[in-house]
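A quick write-up on the structure given underneath.
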Amino acid sequence: MCPDVLQFLTYMAGRTQRVALGSMVVVLPWHDPMRVAEQISMLDNISGGRMILGLGRGRARSSSRASVCPWTRAASASWNRRG
């Protein structure tokens, strides 16, 4: 487990040249969305497009308490984007 996976992957991007860099899942309700967008942009730039990004809403209903999007709406939005 890594406290800030995008920061760790950005470090690894600077230390490697060919390895694909994957985040598994960044749970968006746990982070500031604008900050996540900035980190993803920086990582993609530094890695030269080697990153594999996974975004999620979290599994527990409590994950979305701080989120702008209600749990039921987030569930339907994430389901619609799979196909």
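- Closest approach of L43 and A13 over heavy atoms only: CD1-CB, 4.1 Å.
- Closest of all the heavy-atom pairs between L9 and L21 is O-CD1, 3.9 Å.
- Under the 4.5 Å side-chain heavy-atom criterion for grouping Ile, Leu, Val, Met, Phe, Trp and Tyr, W30 is connected to V25 within one hydrophobic cluster.
- N45 contributes atom CG, which lies 10.5 Å from atom OG1 of T10 (distance to the nearest 0.5 angstrom).
- Using a distance-only test at 3.5 Å, with no hydrogens or angles considered, no donor-acceptor pair links the side chain of R35 to the main chain of D32.
- Side-chain contact check for L6 versus M42: every heavy-atom pair is 4.5 Å or farther apart.
- When all heavy atoms of G14 and I46 are compared, the pair lying nearest together is N-CG2, 4.3 Å.
- In this structure, the separation between CE on M34 and CD on E38 is 6.5 Å, given to the nearest 0.5 Å.
- Formation of a donor-acceptor pair under 3.5 Å by the S23 side chain with backbone atoms of L53 is not found in this model.
- Both L55 and V5 sit in one connected hydrophobic cluster of ILVMFWY residues. Membership requires side-chain heavy atoms under 4.5 Å apart, directly or through other members.
- Note that the CD atom of Q39 and the NE2 atom of H31 stand 8.0 Å from one another [nearest 0.5 Å].
- Of the possible donor and acceptor atoms, one in the side chain of T16 sits under 3.5 Å from a partner among the backbone N and O of M12.
- In this structure, V36 is a member of the same hydrophobic cluster as F8, with clusters built from ILVMFWY side-chain heavy atoms closer than 4.5 Å.
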